[in-house]
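A, B, ... follow the sequence lines: proteins, then strands. Residue 1 opens every chain. Any value given below was found using the heavy atoms of this structure, including those in side chains, with hydrogens, waters and symmetry copies removed.
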Protein chains: 2
Amino acid sequence: MLYSIGEVAKKLDISTYTLRYYDKEGLLPFVDRNAAGRRVFKDEDFNYLETISCLKEAGLPVKQIASFIELCLAGDRTLDERYDFLLEQETDLEAKMASLQHTLDFLRWKKWYYKRALAAGTESVNCLPETTLTDPAVRAKFDQLVADGADPKQLGELDRT
Amino acid sequence: MLYSIGEVAKKLDISTYTLRYYDKEGLLPFVDRNAAGRRVFKDEDFNYLETISCLKEAGLPVKQIASFIELCLAGDRTLDERYDFLLEQETDLEAKMASLQHTLDFLRWKKWYYKRALAAGTESVNCLPETTLTDPAVRAKFDQLVADGADPKQLGELDRT
DNA sequence: ATAAAAGTTAGAGCTAGCTCTAAGTCAAGC
DNA sequence: GCTTGACTTAGAGCTAGCTCTAACTTTTAT
């Protein structure tokens, strides 16, 4: 099976502009051309496209993805380099996810903070007297609930019955 | 305690340029000025700065963060809006993390793929005969190992003794 | 045979998020 | 009193990643 750039764009739900931009940046050196100079995608190209979209999702800049694709096309002598590259991306992504988990923890603490404020009708229930500084005891209370096994997501959940 | 823009920049490990840019974009309306017009940060401002850096980490555009900060300064009448905002960010971030988990799964499958290729000395062990299409049976094997309880991270780990 | 749809290139334009420069003010140390 | 360094503003400049335009060619449908 062969596919035009428009068909590929539709399948991957991206614009033909973007695909041509990727090609220009060296992400699609594997794409063939027909006699008229039009891009012709093959079934096996979707292997590469899947890899590209994965690396993009992981947050890699286009140039780095291009150099990985280049390694792929260079044949079996770059197998170890490709493995190392993927290992590095795995490590980076694990770090990123850990960081996002902290961000999520923060959002949940703040949700609980606002749930308390809503119940009291005022944010000041969470603050030290006469200030807008968060009362460390309030934060400690939240941490304690979580340490005692409460689900941080549900702790901040509002009853809207 | 009061802090200059330079001190805050050092504490947060960002540039003073960036802090002024944030101010220009409305992220720091809470920062006071001294008689000479210089920015003066208070201890309680770090509450906001922590929130800002959390929302940035979550991937929110600066303008959206600015509108949340505006809500915060508007007082108790916006408590419910602020709660809803955080709830939405939590939902979005959960979706994002799920998507990154898929990306990580893909990287680990590819690591295993290359581990196999390295062991054989050639990528073709993973492909259908006479093609560069990944053999579905190879992929299925990996999925089976994971389904049987193997750690996808360790499956692709290389022995480098 | 011709009109519409889809492809091609080169290159301009756009947005977000910084990052820096220029010209000037202010504060601290010698 | 003078230099050094940190601050101020307005606005220019930069990069990444698209996104689109213009001018042209090819393919498809009527």
Exercise. Y21(A) side chain: which of dC18(D), dC7(D), dT19(C) is closest?
Worked result: dC18(D)

For this session: Using a strict cut-off of less than 4.0 Å between a Lys/Arg side-chain nitrogen and an Asp/Glu carboxylate oxygen, indicate whether R139(B) and D143(B) qualify as a salt bridge.
Result: yes

Problem set entry | Integer-rounded Å distance: dC7(D) P and L19(B) CG | 10 Å

Problem set entry | Side chain of R20(A) (C-beta onward), nearest among dC18(D), dT8(C), dG11(D) | dT8(C)

Exercise. In whole angstroms, how far is the P atom of dA16(D) from the CD atom of Q64(A)?
Worked result: 11 Å

For this session: Assign each of R38(A) and D23(A) to its nearest nucleotide of DNA chain C by heavy atoms, then name whichever residue's nucleotide is nearer the 5' end.
Result: R38(A)

For this session: Taking only Lys NZ, Arg NE, NH1 and NH2, and the carboxylate oxygens of Asp or Glu, determine whether R33(B) and D23(B) approach each other closer than 4.0 Å.
Result: yes

For this session: Take the protein atom CG of D32(A) and the nucleotide atom P of dT8(C), then report the distance between them rounded to whole Å.
Result: 13 Å

Problem set entry | Candidates dT19(D), dT8(C), dT9(D) - which lies nearest the side chain of R33(B) | dT9(D)

Problem set entry | Charged N-O contact under 4.0 Å between E94(A) and R108(B) | yes

Exercise. Any side-chain N or O of Y17(A) less than 4.0 Å from the OP1 or OP2 oxygen of dT21(D)?
Worked result: no

Seminar exercise, completed: CG (L55(A)) and OG1 (T103(B)) are apart, to the nearest 0.5 Å, by 9.0 Å

For this session: Could you work out which one of dG7(C), dT25(C), dT9(C) sits closest to the side chain of R39(A)?
Result: dT9(C)

For this session: Mind calculating the distance between NZ (K24(A)) and P (dT8(C)) to the nearest angstrom?
Result: 12 Å

Exercise. Can you tell me how far C1' of dG11(D) sits from CD of E25(B), to the nearest Å?
Worked result: 13 Å

For this session: Could you work out which one of dT9(C), dC7(D), dG11(D) sits closest to the side chain of I5(B)?
Result: dC7(D)

Seminar exercise, completed: Taken to the nearest whole Å, CD/E7(A) to C1'/dA5(C) is 13 Å

Exercise. Given that S4(A) and V62(B) both sit by DNA chain C, which one's nearest nucleotide is further toward the 5' end?
Worked result: S4(A)

For this session: Would you classify K56(B) as touching base, sugar-phosphate or nothing, given that sugar-phosphate means primed atoms plus P, OP1 and OP2, and contacts are heavy atoms under 4.0 Å?
Result: sugar-phosphate

Seminar exercise, completed: Out of dG17(C), dA16(D), dT27(D), minimum distance to the side chain of K63(A) belongs to dA16(D)

For this session: Identify, between N34(A) and S15(A), the residue whose nearest nucleotide on DNA chain D lies closer to the 5' end.
Result: S15(A)

Problem set entry | Separation of atom OH in Y22(B) from atom C1' in dT19(C), rounded to whole Å | 12 Å

Exercise. Can a salt bridge be assigned to the pair K11(B) and D45(B) using a cut-off of 4.0 Å between side-chain N and carboxylate O?
Worked result: no

Seminar exercise, completed: In whole angstroms, the gap separating C1' of dG7(C) from CZ of F41(A) amounts to 12 Å

